[in-house]
Amino acid sequence: MRLSQYFLPILKETPKEAEIVSHRLMLRAGLIRQQAAGIYSWLPLGYKVLRKIEQIVREEQDRAGAVELLMPTIQSADLWRESGRYDAYGKEMLRITDRHDREMLYGPTNEEMITEIFRSYVRSYKELPLNLYHMQWKFRDEVRPRFGIMRGREFLMKDAYSFDVSKEKAVEAYNRMFVAYLRTYKRMGLTAIPMRAETGPIGGDLSHEFIVLADTGESGVFCHADLLNKPIPGDDVDFRGDLSGIVADWTSLYAATEDMIEMSEFEAAVPEDKRIAARGIEVGQTFYFGTKYSEPMGATVTTSDGTDVPVHMGSYGVGVSRVLGAIIEASHDDNGIIWPQSVAPFDVGLINLKSGDAATDAACDGLYEQLTNAGLDVLYDDTDQRPGGKFATADLIGVPWQVIIGPRGAAAGEAEIKNRKTGERETLPIAD
RNA sequence: CGGGGCGUGGCGCAGUCUGGUAGCGCACCUGGUUUGGGACCAGGGGGUCGCAGGUUCGAAUCCUGCUGCCCCGACCA
């Protein structure tokens with residue numbers, strides 16, 4: 001992509017509403033534009049990153065055996081009356097009336113709808129286990145949206161729902177998602193720690209929040225320091241096998257959110273030099289909630305002995321848009337964002353230091369074509385800005401590698417390669 | 001929902017107390033000189049000062065109501 005043809009509205013000055021670093025950088029680097037409190041447009045660069053995160057989540061869900069579909073943003077109030085949550089959910093739910101005075105709502109989550117889909121088609125235990133997920137925009141009318149995309153009202157969430165014939169089978173499904181989450185966050189360059197969590201209005205008795213430690217996080221958390229360096233299950237992990245050992249290993253070390261903690265318990269479980277009391281960003285949560293929805297909504301299957309039983313369910317959320325903010329919180333410096341390779345909007349930023357100079361243009365144009373043909377996604381700064389501005393822009397938007405060519409390099413047939421993260425530079429012949 | 005703050009050109013702000021031609025920096029446009037870490041000179045365009053009402057000869061400025069946004073707290077998959 002040539003920058004001269006792209007839409008990258010970067011800001012030199014920080015809009016005053018942005019308090020935390022990820023919000024500031026997202027506005028300055030032209031990733032998002034606020035449209036109302038907690039509601040954002042995704043500008044091209046931000047949307048590109050969002051799609052990369054989405055794709056990683058998708059690949060790991062698929063690997064763990066979940067199946068993607070897509071449910072609508074608008075739901076019918078009747079469906080929510082079946083579970084009893086239409087009245088229980090409160091003001092966070094955005095309620096809408098259509099032209100026929102039908103009561104609708106903008107979905108804050110999809111347990112009811114997925115249960116409705118399940119009960120319409122699935123009759124037999126032989127069709128289980130089943131895990132269905134989607135990535136869809138949610139709306140929760142937060143009292144106080146804040147921190148940019150981290151606590152928006154409209155946000156993109158991946159939510160998966162598992163259906164099993166028994167609690168034992170449901171825990172196996174839970175474990176698959178647990179392991180998938182460990183892998184998902186790792187691939188995005190995040191260290192996310194699963195912590196025992198409250199189940200909240202979704203209900204149930206087994207739940208973990210996946211937390212990225214950050215001073216700007218909204219939750220207080222307590223955990224064992226060894227969890228920060230625990231190895232993540234690799235590509236060879238068998239999602240059709242027994243994962244309980246991995247989960248048991250991870251949950252053997254103390255980790256809990258502030259709502260769940262007993263200080264005496266924490267102190268008993270973790271030696272003093274291993275205690276971490278910090279703040280964290282919740283980037284995902286897993287729940288097992290049994291028959292909370294299947295029972296009132298009549299989602300049953302026939303078992304091998306011919307009886308009908310309500311299915312045991314779990315739900316598993318990843319805050320896709322929030323993850324993007326968390327990555328920036330975890331990976332930036334004074335000059336801007338530092339994207340992990342796996343989610344970077346472009347692989348390479350190619351900087352032409354003197355656009356309009358025939359030799360420099362020729363060298364850059366040629367290299368741009370080569371890199372692009374080699375399968376790299378290149379943002380080519382072919383504008384007539386001055387070098388200082390180009391360097392500042394490249395650092396701000398944070399692509400992992402910068403390739404810099406000016407008149408001197410063009411004459412010598414050399415390009416300077418800069419690693420955004422380390423700042424290391426080396427000069428290489430362009431032919432390579 | 002309780003408390004606090006803010007709304008003046010695309011962004012950041014001054015001007016409001018004490019009413020009297022709407023300003024500054026950046027950005028943008030034109031011409032020129034420039035180009036290895038956010039250039040310089042000259043010229044130029046763009047704002048019914050959040051909205052409505054009131055006071056006044058005259059309102060960005062004073063009064064009333066409304067609205068939007070931000071921060072702290074409470075709340076919260």
Side-chain angles (χ1 to χ4, degrees), chain A residues 9-20 23-24 27-28 30 33-40 85 88-93 107-111 138 140-148 150-153 155 157-161 177 181 195 197-204 206-211 218-219 257-260 281-289 292 314-319 322 335-336 351-357 360-361 381 383-396 402 404-412 414-416 418 423 425 427:
Chain A
I10 64 156
L11 269 34
K12 265 191 183 177
E13 287 172 284
T14 306
K16 62 181 172 188
E17 73 268 16
E19 284 285 312
I20 67 169
H23 191 195
R24 279 205 301 272
L27 292 168
R28 285 199 52 216
R33 161 107 190 141
Q34 181 167 354
Q35 305 292 171
I39 299 178
Y40 294 84
R85 279 209 293 182
Y89 214 93
K91 289 189 177 169
E92 274 205 4
M93 185 153 73
T109 177
N110 287 66
E111 278 83 4
K138 306 291 189 292
R140 292 183 192 170
D141 199 358
E142 298 280 352
V143 197
R144 187 182 158 210
R146 60 186 123 173
F147 303 144
M150 302 280 271
R151 190 168 197 75
R153 292 195 291 171
F155 58 97
M157 181 166 84
K158 183 285 301 181
D159 38 328
Y161 304 91
M177 286 293 108
Y181 277 24
M195 303 197 178
E198 271 193 324
T199 51
I202 287 192
L206 176 58
S207 179
H208 290 88
E209 285 184 14
F210 284 71
I211 302 274
E218 290 192 90
S219 325
T257 59
E258 59 193 341
D259 305 321
M260 293 294 283
I281 301 164
E282 181 196 339
V283 289
Q285 186 161 10
T286 51
F287 297 93
Y288 162 72
F289 48 74
K292 180 180 164 83
S315 75
Y316 316 91
V318 171
R322 180 184 284 184
N335 297 321
I351 299 176
N352 180 335
L353 285 180
K354 192 170 181 180
S355 305
D357 176 79
T360 314
D361 285 352
D381 188 345
T383 65
D384 56 6
Q385 262 198 89
R386 297 178 71 78
K390 293 192 176 195
F391 289 128
T393 299
D395 283 350
L396 177 62
Q402 296 169 17
I404 303 158
I405 301 178
R408 293 207 297 267
E414 289 175 345
E416 187 172 293
K418 177 178 160 187
R425 305 178 198 193
T427 303

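A, B, ... follow the sequence lines: proteins, then strands. Residue 1 opens every chain.
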Who does [N] pair with, Watson-Crick or G-U, both distances under 3.5 Å?
N: B/C13; answer: B/G23
N: B/A60; answer: none
N: B/C6; answer: B/G68
N: B/U33; answer: B/A39

Practice prompt. Could you tell me whether A/A36 contacts a base, only the sugar-phosphate backbone, or nothing, with contacts defined as non-hydrogen atoms closer than 4.0 Å?
Written response: sugar-phosphate

Discussion item. Mind checking if A/D384 touches a base, just sugar-phosphate, or nothing, with heavy atoms under 4.0 Å?
Written reply: nothing

Worksheet item: Taking only residues two or more places apart in sequence or in another chain, which ones pass side-chain hydrogen bond (donor to acceptor under 3.5 Å, both in side chains) with A/T257?
Response: none

Discussion item. Output the rounded distance in Å from NZ (A/K354) to P (B/U33).
Written reply: 13 Å

Could you check which of [options] has an atom nearest any side-chain atom of [X]?
X: A/Q34; options: B/C71, B/C70, B/U35; answer: B/C70
X: A/R146; options: B/C69, B/G37, B/C71; answer: B/C71
X: A/F391; options: B/G37, B/G38, B/G36; answer: B/G37

Practice prompt. If a protein heavy atom is under 4.0 Å from the base, mark B; if only from the sugar-phosphate, S; if neither, -; do that for nucleotides 7-16 of chain B going 5' to 3'.
Written response: ----BSS---

Give me the atom names and distance for the closest heavy-atom approach of [X] to [Y].
X: A/S207; Y: A/Q285; answer: OG-NE2, 2.9 Å
X: A/P15; Y: A/E13; answer: CD-O, 3.4 Å
X: A/K390; Y: A/Q385; answer: CE-O, 3.3 Å

Worksheet item: Expressed as a whole number of Å, how far does the C1' atom of B/G53 sit from that of B/G10?
Response: 31 Å

Between the protein and nucleotides 39-41 of chain B, are there any N/O to N/O pairs under 3.5 Å, and if so, what are the atom names and distances?
from: B/A39; atom 1: OP2; to: A/R386; atom 2: NE; distance (Å): 3.3
from: B/A39; atom 1: O4'; to: A/R386; atom 2: NE; distance (Å): 3.3
from: B/A39; atom 1: N9; to: A/R386; atom 2: NE; distance (Å): 3.4
from: B/A39; atom 1: N9; to: A/R386; atom 2: NH1; distance (Å): 3.4

